[in-house]
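For reference, the structure discussed in these notes is given below.
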Amino acid sequence: MLYGHDLTERIVALHPVGPGTMRVYRRTPEDAVTWEDERYHPFFLLDDIDLLKGFPRDRFQFQPLAGSNAYQWLVVFPDAGSYWDARRHIQQASDTQKERPDAIYFVGGPEQQYLMQTGRTLFKGMELHDLHRLQFDLEVYSERGFPQAEVPEHRIILVALSDNRGWSRVVGGPLMDEQSVLEETLELMRERDPDVIEGHNVFGFDLPYLAARCRRHGVPLALGRDGSEPRSFPSSMRFAERQIEFEAVEIAGRHIVDTLFQVMSFDVFSRDLPNYTLKGVAKYFGFAPEGRTYIEGEDIAQTWREDPQRLIDYALDDVIETAAIAEHLSGSTFYLTQMVPMPYGQCARSGPASKIESLFVRGYLHARHSVPRAEAGSQIVGGYTDVFMTGVVGPVVYADVESLYPSIMLNYGVQPRRDALGIFPRLLQRLTDLRFVTKRAMREASGENETRELDARQTAYKNIINSFYGNMGFGFAAFNDFAEADRVAATGQKLLRQIMALIRDRGGRIVEVDTDGVLFVPPPEAQSASGDAERAFVSALSEKMPEGIRIGFDGRFERMLSFKKKTYALLGYDGTLKVKGSSLVSRSTERFGRRFVRRAIELLLAEDVAALHALYLNHRQRIIAHDWDGVASFQRIETLKQPLARYERDVRDGKRNRPASYELAKQRAEATGEPVRIGDRIAFYIAGGGGRVFEAAKLASEWDPADPDEDTAHYIGRLDQFASKFSAFFETDHAFRQVFSEEDLFGFDARGIRLAVRERAPEDVTDDVPF
DNA sequence: AGCTGTGGCAGGGAGG
DNA sequence: CCTCCCTGCCAC
């Protein structure tokens with residue numbers, strides 16, 4: 001079912017060139033790129049062949065598919081004017097049948113259809129470094145405000161280019177006009193002839209800006225390997241709870257990889273990045289070149305006039321960082337394209353659901369079997385979460401079920417009801433085996449490069465494997481099955497309760513559980529300096545599990561501050577502190593609050609009440625004195641998730657509140673012309689004057705340290721709100737208030753103030769009862 | 001033309 | 001004041 005073992009074929013890119021013709025680009029062992037044209041058959045799946053009534057009979061062929069799923073006809077247009085023509089036509093045909101808007105299953109673009117028909121994948125037998133990857137970054141001159149492509153003075157002044165062959169160049173200079181910059185850039189890009197074009201936020205900024213400026217000068221943006229201009233279409237991408245809309249761009253014979261997407265995708269799991277800017281991410285990974293030049297966006301114009309060489313250095317540092325980030329994060333996507341019938345660029349900008357579905361559809365087409373329609377409904381059951389102890393406890397051990405949902409799916413015969421061919425279990429088993437083999441090879445690998453490649457490969461398998469469960473509960477997935485998804489989740493809950501019972505039977509005390517893991521205080525005999533006793537304790541648990549379910553030891557911690565469900569802090573034996581939970585670490589809350597909370601957690605873990613009181617007083621005094629480390633320390637940041645028009649309609653209809661973020665984004669759009677886009681992050685603070693938050697809020701960029709106008713009473717209130725989280729950790733409310741308030745007439749005395757641990761037994765309580 | 005899920009906490013506007 | 005309800009962010 002998985003292809004890609006023929007080492008002789010090194011396809012790097014594809015693009016459709018005419019009716020049923022695909023241009024196939026191959027990289028030769030000598031590193032040259034050759035191409036040839038191959039036939040493919042544009043095709044669609046229909047649920048009713050009558051949809052083609054009236055369409056010239058000699059222009060299509062059809063074949064009935066086996067089985068009784070919804071899409072029972074495979075219709076091929078051997079010489080359609082183009083794939084898109086054929087598509088438009090049957091789209092129109094189906095539109096006349098208003099009651100069945102989903103009568104057609106769209107298999108995907110021409111490249112995907114080609115890969116499905118031929119069973120080929122891209123990059124066969126290649127490693128990431130075999131690709132030729134070029135990075136680019138624009139610097140735009142704008143006197144004030146956000147650069148707008150329509151404003152004549154807002155012009156491209158520099159383009160930095162680099163590639164993974166050690167080549168780099170900055171195009172532009174004080175004496176060079178924009179048109180020449182554009183022409184020389186395009187010429188260089190064609191000469192280098194990369195397989196992949198990489199950049200940070202290229203879909204959001206660089207590519208559309210470049211396109212607009214080229215149009216303005218009448219310079220064709222001929223970046224395609226065949227000299228063609230890019231094709232673009234609106235698209236969207238989801239990263240966990242965050243959705244961003246963008247204009248997707250395709251360049252013939254090449255792939256575009258936006259490192260911003262890779263970064264956001266990485267952060268879904270790490271949840272650790274300070275921000276998604278190129279500089280921030282490069283610093284986080286340690287990729288920033290030594291002595292790197294930094295220039296704020298608003299200072300670019302001035303730097304360009306006074307010290308252009310500095311801007312040139314800066315632009316070059318940008319692409320060097322982009323290359324490092326892409327190198328670091330694109331591995332697993334690269335290997336995914338060796339399994340999934342999708343071009344690399346598409347793989348890099350689509351979510352897991354479409355990847356899984358393409359695997360299914362390829363299997364079904366190969367067997368000439370009909371394809372089901374998604375069932376309506378929704379998943380009901382989710383993970384089991386609860387907390388049984390709050391306060392400072394320890395030591396604790398974290399035990400988790402290894403690959404909980406995939407293990408359940410493999411060992412309990414899980415299969416979507418309409419998966420007549422049984423692809424789901426076979427594919428899952430195969431991917432799991434491949435991952436196992438790859439991980440073993442990785443452990444035995446010598447050399448850093450080999451290890452990294454194998455790690456990227458096993459991560460690619462992991463990502464796909466983990467998506468199988470989510471896909472069953474996804475409303476638009478052809479092979480979804482909500483009942484089966486519920487069965488998986490319910491089985492997971494049952495297993496977790498079994499583990500909890502085992503731990504308690506052996507004298508352990510459960511602190512908190514979440515979906516597939518348990519944090520618990522081990523019994524005294526399972527506490528050791530080396531951690532061996534803890535490991536043995538967990539192994540013994542694993543022995544008691546059903547076939548195929550294994551419990552792993554995922555760490556032990558000296559102390560834990562347990563707060564609420566999904567909200568806690570862990571102090572490692574090496575002194576590192578891990579803080580979890582939106583109310584403790586949310587990036588939307590003010591930085592001073594986050595730091596205050598973190599420091600307070602450290603002090604609570606050390607049970608240093610006197611220092612806690614001092615910490616509170618210190619923060620309070622600094623707020624009163626406007627003693628901030630810039631506006632960044634007290635601004636809040638919120639992400640816009642809806643188009644402005646939709647937001648305003650919902651507000652009008654009374655469906656939603658008026659938060660500061662949208663209101664300020666509107667103001668900013670009016671003032672600077674920077675468009676309001678989904679995914680924009682708005683930084684703001686509360687200025688004096690009172691009223692509702694959205695009325696008192698101002699953009700963070702408006703704050704002036706020389707004339708601070710933030711609402712001190714508001715920020716004292718915020719500090720108290722942060723402090724109030726900790727009231728549950730004290731024995732009495734009075735004790736809490738003594739610590740987190742100014743001294744009263746008798747002064748502050750930490751003696752006699754005790755922290756409290758509260759505990760309840762799992763069987764005592766069935767639903768959520770607050771402590 | 002594309003889109004993985006549920007559970008949980010906090011903030012804040014609206015309206016009693 | 002309080003509750004209700006929506007949104008955003010996070011854990012897994």
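Given the structure is predicted, the values throughout are model-derived calculations rather than measurements. Residue numbering restarts at 1 for every chain, and letters A, B, ... go by the order of the sequence lines. Values below: every heavy atom of this structure, side chains too, minus hydrogens, waters and symmetry copies.
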What contact category does Ile356(A) fall into here, base, sugar-phosphate, or nothing, at under 4.0 angstrom with non-hydrogen atoms? nothing
Quick one: is Ser354(A) getting a side-chain N or O under 4.0 Å of the dG2(B) phosphate, OP1 or OP2? no
Looking across every strand, which nucleic acid part, if any, lies under 4.0 Å from Phe246(A) by heavy atom: base, sugar-phosphate, or nothing? nothing
Rounded to whole Å, CG of Asn463(A) lies from P of dC12(C) at a distance of 17 Å
Are any of the side-chain nitrogens in Arg417(A) or Glu375(A) under 4.0 Å away from the carboxylate oxygens of its partner? yes
Looking at every strand, decide which applies to Ser378(A) at a 4.0 Å heavy-atom threshold: base, sugar-phosphate, or nothing. nothing
Decide, yes or no, whether a salt bridge links Glu663(A) with Arg658(A) under the criterion of side-chain N to carboxylate O below 4.0 Å. yes
Got a salt bridge between Arg349(A) and Glu250(A), using NZ or NE/NH1/NH2 to carboxylate O under 4.0 Å? yes
Value in whole Å for how far the P atom of dC10(C) lies from CD of Glu638(A): 11 Å
Show, in sequence, the C-alpha distance, side-chain angles and deciding distance for Tyr715(A) and Tyr685(A), and conclude whether the ring pair (Phe, Tyr, Trp, His ring centres under 6.0 Å) test is met. CA-CA 10 Å; Tyr715(A) 287 102; Tyr685(A) 70 101; 7.6 Å; no
Any side-chain N or O of Arg681(A) under 4.0 Å from OP1/OP2 of dG8(C)? no
Leu519(A) CG to dC12(C) C1', straight-line distance once rounded to whole Å: 12 Å
State whether Ser588(A) places a side-chain N or O below 4.0 Å from either non-bridging phosphate oxygen (OP1 or OP2) of dG11(B). no
In chain order, what residues pass the ring-ring contact (aromatic ring centres under 6.0 Å, His included) check against His15(A), with sequence neighbours excluded? Tyr25(A)
Whole Å only: how far is the CG atom of Leu640(A) from the C1' atom of dT7(C)? 12 Å
Counting the benzene-type ring for Trp, do Phe77(A) and Phe44(A) have ring centres under 6.0 Å apart? yes
Using a cut-off of 4.0 Å on non-hydrogen atoms, how would the nucleic acid contact of Tyr662(A) be classed: base, sugar-phosphate, or nothing? sugar-phosphate
When rounded to whole Å, the CG to C1' distance for the pair Asp516(A) and dG7(B) reads 13 Å
Compare side-chain N and O positions of Lys565(A) against OP1 and OP2 of dG8(B) and report whether any pair is under 4.0 Å apart. yes
Interatomic distance, Arg373(A) atom CZ to Asp47(A) atom CG [nearest 0.5 angstrom]: 5.0 Å
So what does Ser467(A) hit on the nucleic acid, given a heavy-atom distance under 4.0 Å: a base, only sugar-phosphate, or nothing? nothing
Just the table, please: protein N/O against nucleotides 14-16 of chain B N/O, every pair under 3.5 Å.
{"unit_1": "dA14(B)", "atom_1": "OP2", "unit_2": "Arg692(A)", "atom_2": "NH1", "d": "2.4"}

In whole angstrom, give the distance that lies between atom OH of Tyr647(A) and atom P of dG8(C). 10 Å
Would you classify Gly470(A) as touching base, sugar-phosphate or nothing, given that sugar-phosphate means primed atoms plus P, OP1 and OP2, and contacts are heavy atoms under 4.0 Å? base
For the pair made of CG in Leu584(A) and P in dG8(C), what is the distance, rounded to whole Å? 21 Å
Using a cut-off of less than 4.0 Å, is there contact between a side-chain N or O of Lys564(A) and OP1 or OP2 of dA10(B)? yes
Identify each atom pair where a protein N or O and an N or O of nucleotides 1-3 of chain C are less than 3.5 Å apart, giving names and distance.
none

Nearest heavy atoms of Lys580(A) and Leu584(A), plus distance in Å: O-CD1, 3.7 Å
Over all strands shown, is Thr589(A) touching base, sugar-phosphate only, or nothing at heavy-atom distances under 4.0 angstrom? nothing
Minimum-distance pair of heavy atoms, taken over all atoms of Leu359(A) and Val340(A): CD2-CA, 4.2 Å
With side-chain hydrogen bond (donor to acceptor under 3.5 Å, both in side chains) as the criterion, how do Glu247(A) and Ser232(A) come out once you've worked through the C-alpha distance, each side chain's angles and the decisive distance to 0.1 Å? CA-CA 6 Å; Glu247(A) 189 76 6; Ser232(A) 75; 3.1 Å; yes
Can you figure out which of dT4(B), dT6(B), dC9(B) approaches the side chain of Ser583(A) most closely? dC9(B)
Nearest-nucleotide pick for Lys725(A), side chain only, options being dA10(B), dC9(B), dC12(C): dA10(B)
Would you mind reading off the distance between Asn466(A) atom CG and dC12(C) atom P, rounded to a whole angstrom? 14 Å
dA11(C) and dT4(B), which share atom name C1', separated by this distance in whole Å: 16 Å
Inter-residue atom distance Ile408(A).CD1 - Leu495(A).CG, 0.5 Å rounding: 5.0 Å
Side-chain contact check for Phe474(A): nearest option of dC3(B), dG8(B), dA11(C) is dC3(B)
